[in-house]
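These notes are about the structure you will find just below.
Side chains are part of it too, since the values below use all heavy atoms of this structure and drop only hydrogens, waters and symmetry mates.
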Amino acid sequence: AARMAAPTMEERKACWGARDEFWQCLDNHADDAAQCEKLRRAFESRCPQQWVKHFDKRRDFLKYKRKLETEGYVPPEAAGKS
Amino acid sequence: QRERRLRHLRQLALGQGDFQLQDSAGIPRRKADFLGRWVLLYFGFTHCPDVCPEELQKLSRAVELLERDPALPPVQPLFVTVDPERDDAAALRRYLRDFHPRLLGLTGTPEQVRAAAAAFRVYVSAGPRDEDGDYIVDHSVLTFLVGPDGLFRDCYSRSRTAEELARSVKGHMESYEPLPA
């Protein structure tokens, strides 16, 4: 496959904008991705595939971080130690 | 935190941090070429989703702030790619035109780039390629301050703002004492 040039500043901003719109929608719908299909598709069309994956991971991490901050750390399985 | 940073800096100074690369005009550049000047150096790659543009924006802004003070010597901003396969001179020129006009891009052979990253103890790890041949390069996010004597003076993480960077560099410049010959 032909090597793609790196996105320009304009393309980066368009991608980040689409991502932010998608994330805003998720925030508004308690992460129900089904409610944000159109924005998801716009996000995927504006960003390189690698960046979509990267931002998806970032979102998961941010959610996890927020969870830790609000709920505290809960170990996976309290192994019944006395 | 400060102890760890000073230890890292001392290790780096011992390692000298030399490099042999080429700039975006194809001219060979090594660390010695920058002696006599303060240098702010960042490792990144042009296909970077967000961190590198943000850090370069910050770096550019910090340099601009320092330029406003006529009493301070000029700072040379440098960008070293961690993705030499894709980031040739042309790619660097295209990418860097969106940032500070004096920001100089450096690239080289994979071996040269690997050596430069190692000299700065910068972690670099290219991820798997997708069907378009695209990939992300995971790397330490750090901006290094090198003094006119070629020794490391500080390093700045993502959490520092442009204003903090400028303030810190100014502090280093004002308290700078060249090592005895």
Side-chain angles (χ1 to χ4, degrees), chain A residues 1-29 31 33 35-73, chain B residues 24 42-61 79-101 103 105-107 110 113 124-141 158-159:
Chain A
R3 221 18 111 51
M4 299 177 310
T8 63
M9 177 68 101
E10 293 74 28
E11 287 165 343
R12 286 199 294 271
K13 289 189 170 159
C15 164
W16 298 342
R19 173 202 63 192
D20 291 343
E21 281 191 304
F22 173 58
W23 283 3
Q24 184 63 64
C25 177
L26 289 178
D27 288 345
N28 295 342
H29 294 94
D31 286 331
Q35 300 294 323
C36 306
E37 283 276 0
K38 190 155 172 258
L39 290 172
R40 172 71 188 184
R41 278 199 297 278
F43 167 45
E44 285 175 354
S45 73
R46 291 259 172 81
C47 301
Q49 195 179 64
Q50 287 284 296
W51 292 22
V52 171
K53 272 201 221 143
H54 171 87
F55 291 131
D56 284 346
K57 277 194 258 178
R58 166 77 57 79
R59 171 118 184 140
D60 284 342
F61 171 70
L62 289 172
K63 270 165 56 185
Y64 178 65
K65 205 169 91 144
R66 222 171 323 168
K67 194 159 183 270
L68 285 183
E69 284 163 357
T70 54
E71 295 174 23
Y73 176 64
Chain B
S24 46
Y42 175 77
F43 285 82
F45 66 114
T46 70
H47 286 254
C48 181
D50 52 355
V51 175
C52 302
E54 284 169 11
E55 291 298 294
L56 287 179
Q57 199 67 58
K58 186 170 75 174
L59 174 54
S60 300
R61 176 81 188 129
F79 173 82
V80 180
T81 184
V82 296
D83 187 11
E85 261 203 64
R86 289 184 295 188
D87 292 348
D88 56 12
L92 289 181
R93 283 196 301 271
R94 268 195 311 270
Y95 188 67
L96 295 177
R97 70 181 171 209
D98 287 321
F99 304 104
H100 194 282
L103 176 55
L106 297 175
T107 183
V113 166
V124 177
S125 176
R129 275 147 220 262
D130 62 17
E131 61 253 15
D132 297 320
D134 196 6
Y135 54 92
I136 300 278
V137 182
D138 195 18
H139 61 93
S140 323
V141 180
R158 234 191 133 181
S159 58

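The structure places CD of A/Q50 at 4.5 Å from CG of B/D130, a figure rounded to the nearest 0.5 Å. Summarising the geometry, atom CD1 belonging to B/I136 is positioned 6.0 Å from atom NE2 belonging to A/H54; distances are rounded to the nearest 0.5 Å. For the atom pair CG of B/D132 and CD of A/Q49, the computed distance is 6.0 Å after rounding to the nearest 0.5 Å. With values rounded to the nearest 0.5 angstrom, A/M9 atom CE is found 5.0 Å from B/Q57 atom CD.
Shortest non-hydrogen contact noted between B/H47 and A/A5 is CE1-C, 3.8 Å. Of all heavy-atom pairs spanning A/W16 and B/P53, the tightest one is CH2-CB, 3.9 Å.
Both the backbone and the side chain of B/D50 come within less than 4.5 Å of a heavy atom in chain A.
For the set B/A90, B/G127, B/C48, the entry with the most heavy-atom pairs within less than 4.5 Å of chain A is B/C48.
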